[in-house]
Asks: 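My questions all concern the structure below.
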Amino acid sequence: MTPLLSVDAVTFRYGKTLACDRIGFDLHPGEVLGIVGESGSGKTTLLNCLAGRLQPDSGTIRYTRANGEAVDIYRLGEAERRFLARTEWGFVHQTPRDGLRMGVTAGGNVGEPLMAVGNRHYENIRHEAASWLTKVEIDADRIDDRPTTFSGGMQQRLQIARNLVTGPRLVFMDEPTGGLDVSVQARLLDLVRGLVRDLNLSAILVTHDLAVARLLADRLMVMRRGRVVEHGLTDQVLDDPHDAYTQLLVSSVLQT
Amino acid sequence: MNAETQNSARDHTNNPAPDHTNDPAHDPGYNFAYLDEQTKRMIRRGLLKALAIPGYQVPFGSREMPLPYGWGTGGIQVTASVIGADDTLKVIDQGADDTTNAVSIRKFFRRVTGVKTTEKTAEATVIQTRHRIPEAPLREGQILVYQVPIPEPLRWLERRESESRKMHAYAEYGAMHVQLYESIARFGRITTTYDYPVKVADRYLMSPSPTPKFDNPKMHMNPAIQLFGAGREKRLYAVPPYTRVESLAFEDHPFEVQEWDDACALCGDDKSFLDEVVVDDAGTRMFMCSDSDHCRDRRAAGHRGGAEGAAAEALAAMTGGTDDGSNKDRAEDWAKDREAAQ
């Protein structure tokens, strides 16, 4: 099977600091890859490189488009890359404020990606927005309210709806549950897991929370100081860590 | 810049700037049209680029003008750059020739250029406008200059200039419909009534300046040259003659212009853009054409509206045209002004 995303020797430096050191992996359709590691290990930098937001110093990222054509995303022009990101990808930010327009109603937020790909029928857009609000467990009555009147968990769910409404093939998530309390986290994770399975999405998920990784990710990549120190199936990595750092990471989680 | 370098710069062009210093038609204390020749040339270069890429915002080095930002500094600089000694200038503000802004700008150009001024749309070769496009159809050879406060139609949506420029470059305009969506969601219809965004020549999204959307259809395939100047934001843009200008809309909520239940109380026109005017202390209201020249023309042709007696006189007085456009006997005033300034 052709990988959806094929990453080879991606390197990124902030001056002398090596944030990503020759990172490579394949992501297959329908697969969820978790990237875990401590703060400052290069997770988010890597995610930004993969999502076309930060050009790596070296290395290639090849993506197989919906029409089967494989493209090197940094060989594409910026216009094409932005088009790709708009039509086939989603990006869920850690803070909903970064991914939403706070001055625009919930319906407008979910409808915007539809309008961005050329939908010009008001009733259809609104209908689609309402149905997505329901899918992410937001009352459809709130469609004309602004996200500023929403709770943190609702804002995050709204951001997810906005990202999924155009039916992307690949979603990048940067700490989607960060900053939410535990019960809200659990519901959100449940929701995301259901959506990923139902829509057969591929996703790359950055998190420092091993519980989140265990729940959502099929495979896990453990990063430390810009390097991948361990890579394998989630259960395998978490239950039988080989690398010393992964062992430390796993054992540092409070056991219940 | 001293006179010598200025002259040598002029030598590069086939059309050296005409020497107006001894021309009694305008105040000899100023260069023709107030701006220096180099500045006018810089603005004309910007305008040529703007005409070559319809709807694209060209940055330019906006100058300090002798009036505050927001009063038409951009429009004045554009007018100053394109006006010639044989042009006839008309200035309108909210459609009328006799409002403060229009009177002041017209007086300014008469003083610094000595050109003929007029209130008749058909006679003008350059028309500087704020908030309206004249009701009378424009023709080839006329230039319409708009004063623009905020040239960036994406600004309300995207505050970063770096990002809005990319959105223009890549024609990522889908988000612009969010504004219309929000309006329908809240009020059941598109409530934007002025500065209604348009797409020019099927490419660039453009702000038509705060003209009512009533005037948007007039921009489409207009035979005149339409130039836009934003002084504070330092941007020029243009719509060349016979260019497609399309107002944004949804398939199920098409673009519509305003309509009035009333007709003009003076000339009886029910097709023109009407202003609501309070005519007495009792709060009596009447509607009248916002385009004063259009209204006067119709009255001269014998059309009458519903206004009678004192009210009609009061209204007619508001739209009176008393400006003969001449510069006679003004030279002495200018000399006094200059003495007072020193």
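A quick note: this is a predicted structure, and the numbers were derived from the prediction, not measured. Residue numbers begin at 1 in each chain, while the letters A, B, ... track the order of the sequences.
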Asks: Do other residues, nucleotides or ligands put more than 12 heavy atoms under 6.0 Å from the CD atom of A:Glu69?
Replies: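 Result for CD/A:Glu69: enclosed.
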Asks: Working to the nearest 0.5 angstrom, can you tell me the gap between B:Glu251 CD and A:Tyr122 OH?
Replies: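 Spacing of CD (B:Glu251) from OH (A:Tyr122) equals 14.5 Å.
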Asks: So what's closer than 4.5 Å to chain B heavy atoms on A:Glu78: side chain, backbone, both or neither?
Replies: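 The answer is both parts of A:Glu78.
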Asks: Between CG of B:Asp252 and NE2 of A:His121, what distance do you get to the nearest 0.5 Å?
Replies: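 Here the rounded value is 4.0 Å.
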Asks: By a 4.5 Å heavy-atom criterion (distance strictly below it), what part of B:Leu157 contacts chain A: side chain, backbone, both, or neither?
Replies: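 Both parts, backbone and side chain.
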Asks: Of all of B:Gln179, B:Arg186, B:His177, which one pairs up most often with chain A through heavy atoms under 4.5 Å apart?
Replies: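 So the answer, after comparing B:Gln179, B:Arg186, B:His177, is B:His177.
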Asks: If you count every heavy atom of other residues, nucleotides or ligands that lies below 6.0 Å from A:Arg13 atom CZ, does the total exceed 12?
Replies: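 Atom CZ in A:Arg13 is not crowded, with 12 or fewer foreign heavy atoms closer than 6.0 Å.
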Asks: For A:Asp144 and B:Ala185, which heavy atoms make the closest approach, and how far apart are they?
Replies: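 A:Asp144 and B:Ala185 have their closest heavy atoms at OD1-CB, 3.6 Å.
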Asks: Should the heavy atoms of other residues, nucleotides or ligands under 6.0 Å from CZ of A:Phe83 be counted, would the total exceed 12?
Replies: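 Counting other residues, nucleotides and ligands, CZ of A:Phe83 stays at 12 neighbours or fewer.
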Asks: More than 12 heavy atoms of other residues, nucleotides or ligands under 6.0 Å from CD1 of B:Ile150: yes or no?
Replies: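 Result for CD1/B:Ile150: open.
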Asks: At a 4.5 Å cut-off on heavy atoms, which part of B:Ala169 comes close to chain A: side chain, backbone, both, or neither?
Replies: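 B:Ala169 has no heavy atom closer than 4.5 Å to chain A.
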Asks: A quick test of your reading: do over 12 heavy atoms of other residues, nucleotides or ligands sit less than 6.0 Å from CG of A:Asp198?
Replies: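 Counting other residues, nucleotides and ligands, CG of A:Asp198 exceeds 12 neighbours.
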Asks: Go through it in stages, so that I can follow the logic: the residues are A:Arg126 and B:Glu182, the test is salt bridge (charged side-chain N to carboxylate O under 4.0 Å, His left out), and I'd like the CA-CA distance, side-chain angles, deciding distance and then a yes or no.
Replies: CA-CA 11 Å; A:Arg126 195 163 167 85; B:Glu182 291 285 286; over 6 Å; no
Asks: Do A:Thr105 and B:Tyr181 make a side-chain contact, defined as non-hydrogen atoms from C-beta onward lying under 4.5 Å apart?
Replies: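 The answer is yes; the side chains approach within 4.5 Å.
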Asks: Are any non-hydrogen side-chain atoms of B:Lys166 and A:Arg82 less than 4.5 angstrom apart?
Replies: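 B:Lys166 reaches A:Arg82 side chain to side chain.
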Asks: Would you mind checking which part of A:Ile125 comes under 4.5 Å of any heavy atom in chain B, side chain (CB onward), backbone (N, CA, C, O), both or neither?
Replies: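 Only the side chain of A:Ile125 comes within 4.5 Å of chain B.
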Asks: Under 4.5 Å between any side-chain heavy atoms of B:Tyr170 and A:Arg86, yes or no?
Replies: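 The answer is no; the side chains never approach within 4.5 Å.
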Asks: With a 6.0 Å cut-off (strictly less than), is the heavy-atom count around OH of B:Tyr194, excluding the residue itself, greater than 12?
Replies: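 Count not over threshold, so no.
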Asks: Can you measure from CZ (A:Arg120) to CG (B:Leu248) and round to the nearest 0.5 angstrom?
Replies: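 It comes to 7.5 Å.
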